[in-house]
Q: 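Below are the structure tokens for one structure; questions will follow.
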Amino acid sequence: MRVLVPPDYRTLSRTASELVLKAMRTKRKLTLGLPTGNTPLGMYEELVRSYREQQIDFSGITTFNLDEYLGLQRNDPHSYRFYMQEHFFDHVNVPPPNVHIPEEAGRYEEQIREAGGIDLLVVGIGLNGHIAFNEPGSSFASRTREVMLAPETIANAETHFQGAPVPSRAITMGIGTILESRCIILLASGASKADIVRRALNGPVSESVPASALQTHQNVIAILDEDANPDEE
Ligand code: GLP
């Protein structure tokens with residue numbers, strides 16, 4: 001695993017966006033796995049800026065989001081579809097038919113296969129070590145499926161939902177699905193993540209820390225800002 005430690009969140013976001021752009025230059029019909037949450041917001045801003053300023057062409061891209069809440073309307077402002085439109089898809093030229101959000105688990109795996117598999121997947125990490133919505137205890141062989149959210153995940157989502165009820169179920173790409181991506185970028189920012197980053201990257205590989213599965217992958221780049229870097233404490 002390569003570990004990059006940019007000094008701050010802005011540089012983390014630029015580094016992540018540069019890696020995505022570099023992959024796009026290498027392969028025009030790139031298939032991307034995309035995350036939500038606060039951490040990737042800066043990366044999306046940088047990608048949108050590159051599109052505006054340098055006219056980077058996203059028309060060959062196919063995307064698969066990592067997860068989505070269950071039981072929300074398609075246009076619910078708390079849904080990950082809404083987040084992706086608002087922060088990314090409304091501002092770049094990814095063709096809408098190439099955009100995939102796991103609102104139904106059914107054909108997702110097949111769609112990923114039909115797209116040739118995921119070339120580059122960007123993922124964040126939850127405070128309990130989850131990746132996408134694979135909560136502690138998820139099998140490393142798991143595939144895209146419906147899951148129950150952990151109580152701490154629901155509690156953490158309350159700020160984002162601003163008083164609206166947080167769904168208790170979601171659809172997530174499985175850990176097995178994530179691990180089949182050719183390259184994985186893990187993003188973590190802020191001091192609150194340092195402890196779980198340590199357990200995920202340096203601790204035992206265990207289903208009790210889903211992100212530790214990344215240690216078993218041959219091509220992972222972890223981008224941690226200084227606050228999230230356990231070695232900086
Ligand atoms: C949610 C998402 C995850 C994300 C995590 C961390 O639970 N389902 O995919 O990695 O939050 O979010 P944040 O970046 O806001 O800390």
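Values in this document were obtained by computation on a predicted structure and should not be read as measured data. Order of appearance sets the numbers: ligands from 1, and atoms from 1 within every ligand. When reading the values below, keep in mind they use all heavy atoms of this one structure, side chains included, and skip hydrogens, waters and symmetry mates.
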Q: Salt bridge check, Arg49 against Glu46: does any charged N sit closer than 4.0 Å to a carboxylate O?
A: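 Yes, Glu46 and Arg49 are salt-bridged.
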Q: Counting heavy atoms only, which of Thr153, Asp67, Leu34 is nearest atom 8 (N) of ligand 1?
A: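 Result: the heavy atom closest to atom 8 (N) of ligand 1 is in Asp67.
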Q: Looking at atom 15 (O) of ligand 1, what's its closest protein heavy atom, distance included?
A: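 Residue, atom and distance for the closest contact: Asn38 N, 2.8 Å.
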Q: Could you tell me whether Tyr69 approaches ligand 1 through its side chain, its backbone, both or neither, with non-hydrogen atoms closer than 4.0 Å?
A: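 Tyr69 to ligand 1: no contact under 4.0 Å from either part.
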Q: Is Thr39 in polar range of ligand 1, meaning some N or O pair under 3.5 Å apart?
A: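 Among all N and O atoms of Thr39, at least one is under 3.5 Å from an N or O of ligand 1.
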Q: Working to the nearest 0.5 angstrom, can you tell me the gap between Phe89 CZ and Tyr44 OH?
A: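 If we round to the nearest 0.5 Å, Phe89:CZ and Tyr44:OH are 7.0 Å apart.
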Q: To the nearest 0.1 Å, how far is atom 1 (C) of ligand 1 from its closest protein heavy atom, and which atom is that?
A: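 Its nearest protein heavy-atom neighbour is Tyr80 OH, 3.5 Å.
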Q: Around atom CD of Glu207, are there more than 12 heavy atoms from other residues, nucleotides or ligands closer than 6.0 Å?
A: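 More than 12 within 6.0 Å, yes.
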Q: Please verify whether a non-hydrogen atom of Ala132 lies at under 4.0 Å from ligand 1.
A: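 Contact check Ala132 vs ligand 1: positive.
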Q: In terms of ring plane angle, is the pair Phe161 and Tyr69 parallel, tilted or perpendicular, where the classes change at 30° and 60°?
A: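 Plane angle over 60°, so perpendicular.
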Q: Within the 4.0 Å heavy-atom shell around Lys193, which atoms of ligand 1 are there?
A: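 Matching atoms, with element in brackets: 13 (P), 16 (O).
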Q: Please list the nearest protein heavy atom to atom 12 (O) of ligand 1 with its residue and the distance rounded to 0.1 Å.
A: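 Nearest neighbour among protein heavy atoms for atom 12 (O) of ligand 1, to 0.1 Å: Gly37 CA, 4.0 Å.
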Q: Among all protein non-hydrogen atoms, which one is nearest to atom 4 (C) of ligand 1, and what is the separation to 0.1 Å?
A: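 For this ligand atom, the closest protein heavy atom is Thr36 O, 4.1 Å.
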Q: Mind checking the CG-CG spacing from Asn219 to Leu179? Nearest 0.5 Å is all I need.
A: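 If we round to the nearest 0.5 Å, Asn219:CG and Leu179:CG are 12.5 Å apart.
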Q: Just to be sure I'm reading this right: ignoring hydrogens, which of Asn156, Val122, Ile125 gets closest to atom 6 (C) of ligand 1? Compare them by their nearest heavy atoms.
A: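 Shortest heavy-atom distance from atom 6 (C) of ligand 1: Ile125.
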Q: Any salt bridge between Glu114 and Arg107, counting N to O under 4.0 Å?
A: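 Here Glu114 pairs with Arg107 in a salt bridge, since their nearest N and O are under 4.0 Å apart.
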Q: Quick check for you: to the nearest 0.5 Å, what is the distance between Arg182 atom CZ and Leu120 atom CG?
A: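 One gets 11.0 Å once the value is rounded to the nearest 0.5 Å.
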Q: Any idea which heavy atoms bring Ala105 and Ile171 closest together, and the distance?
A: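 The pair with the smallest heavy-atom distance is N-CD1, 3.4 Å.
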Q: Does the residue His130 have a heavy-atom contact with ligand 1, meaning some pair of atoms that are separated by less than 4.0 Å?
A: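 Contact check His130 vs ligand 1: positive.
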Q: Which atoms of ligand 1 are found less than 4.0 Å from any heavy atom of Gly124?
A: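 Listed by number with element, the hits are 10 (O).
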